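Structure record follows, encoded as structure tokens.
Small disclaimer: the values here were computed from a predicted structure and weren't measured. Chain letters run A, B, ... following the sequence lines, proteins first and then strands; every chain starts at 1. Reckoned from all heavy atoms, side chains included, excluding hydrogens, waters and symmetry mates.
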Amino acid sequence: MSPQNRFTRWITTPVWVFILPSLVLLVLLGLPIFAVFWKSAGTDFFTYALAPTALSALRLSLLTSSLSTLLAVAAGMPLAYILARWKFHGKTALELLVDLPVVLPPSVAGLALLIAFGRQGVFGQWLVPLGISLPFTTAAVVMAQTFVAAPLFVRSAKGGFVEIDPQLEEAAYVEGANELQLFRFVMLPLAWRSLLAGTILTWTRALGEFGATILFAGNLIGKTQTMPLAIYLGLERSLGVALALSVMLVIVSVILLGVLRQLEKKVHNS
Amino acid sequence: MKHFALAPLLVTVLLAACGTAERPQPTPAPQARTLTVFAAASLTDAFTEIGRNFEAAHPGVTVSFNFAGSQTLRTQLEQGAVADVFASANQTEMDTLVKDTLVAANSAQVFLTNSLLVILPANNPANVQTLKDLSRPGLKLDLADTTVPAGKYARQILASLDKDPALGPNFSTQTLVNVVSNETDVRQVVAKVQLGEADAGIVYASDAVAVPELKTIEIPAADNVIAKYPISALSKAPQPDLAASFIAYVLSTDAQATLKKWGFTPIAP
């Protein structure tokens, strides 16, 4: 296409039809983030950001979100593989179950976890004789995060496995590969991008989990008070603390997104 | 390009819709009015009933409640939330709003008092019998956060109990070690104890009335905190006359009886 043609197309296409609606969304997404940075710049940012409460929340958030992402990947990858490649009765119901937490309000998730795994919960009461009580523990934070975030990984990974050409699968079988070898040497390398995208989503979702955590795990500094909880309580102490913590969470999230996207790009290029 | 023709139309419709929302609402008929009341979480049951009675006495009026921790409500109001009436579980939040000029000076009046007590799950899993048991190692005690009035009062009470020779000077220190969670509002404490996840909690007497199956332990009057609840109209209330009549109703014998039924101490004799 010559520059002349490109110009003609630019002025004849009603580009604003694309640009204006996009701007509405971008303004809505961008301005609040900008405002948080703008407002916190004036306050004693480092005093708040380096406060023991803030650092302990950051440490706990990074630990728990990493653990729940690990759990989601370790258990979610085989599950996604089954859902993508195997045919069996009740598969639709299983897919529905896995998708459910994505649309469920976090408060429902938290209550459900408490009713199921609480000390007097439907299943949790069986753990008491073993000396296990889950609510108010860091393990409960990881469970809440995994509950709401793991489905994002399963969805993404399943999408990656489904896209793979079935002929490759057949070829691998003809070559004498078993299911595990097929997974390891064919599926995994080809679905890499989707798996990484799923990991990004899961990690950031786990990092931001609030509703299910406060219901199931409670709020105790150093044990169950993750960054979103510390922000919620910080808001009630002073806006400065909440803003500093929010800025930290935004920065940590951006770094996570950046690192993982970089990884994704490299894998794609190789 | 024909299919593009619809898009500008859609955008126009959307923009028109935005425009409508920004324009001031047409003056509603005097019959259909909404009174917005921001009230402390502990008032949930009592005010819901009072609101229903007020609606019955004022046909066409709908009372819309926002129940949350007093400090959350105060923050919402400071950030521009619109309300007619604010009922707080402590004086501090009301004073802050007076300082912010959101509430006129001297307009707030105390409409009830509330004391605190210890609640236990119906089956009392930790076998708590006396206040002393709260300091037993390993007990799971749930409190409201220190930013919540009920949480602040609970800690004041524990500190005061240190003077009791039967409990010993380290009572509050040992008891606070047992705190498993600092909840964002007092109703969360009730929920966790009701579900049996926490062994004990310290909440308002009114909270215990709302959940009759809970076991309770009284706190000696000398150590207890008497929380005073102030109520006031907001200076920018959209319905100032309705706000005034709602507050007058809350102070009436009728509403005070409702408050008493829900475990509060009425101020009217």
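Looking only at distances, a side-chain donor or acceptor of B/K192 sits under 3.5 Å from a matching main-chain atom of A/L215. B/S181 contributes a side-chain N or O that, together with a main-chain N or O of A/N219, makes up a donor-acceptor pair within less than 3.5 Å.
The structure places CZ of A/R119 at 4.0 Å from CG of B/D199, a figure rounded to the nearest 0.5 Å. Summarising the geometry, atom OG1 belonging to B/T72 is positioned 8.5 Å from atom CG belonging to A/L233; distances are rounded to the nearest 0.5 Å. The OG1 atom of B/T147 lies 9.0 Å from the OH atom of A/Y232; values are rounded to the nearest 0.5 Å. For the atom pair A/I115 CD1 and B/L195 CG, the distance stands at 5.0 Å (nearest 0.5 Å).
Residue-environment remark: CZ (A/R155) stays at or below the threshold of 12 foreign heavy atoms within 6.0 Å. For B/K228, the NZ atom sits in a loose shell: 12 or fewer heavy atoms of surrounding residues, nucleotides or ligands are nearer than 6.0 Å.
At a 4.5 Å heavy-atom cutoff, A/T137 makes no contact with chain B through either its backbone or its side chain. Residue contact with chain A, scored on non-hydrogen atoms closer than 4.5 Å, involves the side chain of B/Q79 exclusively. Contact of A/I214 with chain B is made through backbone and side chain together, with heavy-atom distances under 4.5 Å.
The minimum heavy-atom distance between A/F136 and B/E197, with the atom names listed, is CE1-O, 3.4 Å. Contact between A/G218 and B/E183 at its shortest, heavy atoms only, is CA-OE2, 4.5 Å.
Contact check for B/V179 versus A/L220: side-chain heavy atoms found under the 4.5 Å cut-off. Within the 4.5 Å cutoff, side-chain heavy atoms of B/P125 are placed close to those of A/Q120.
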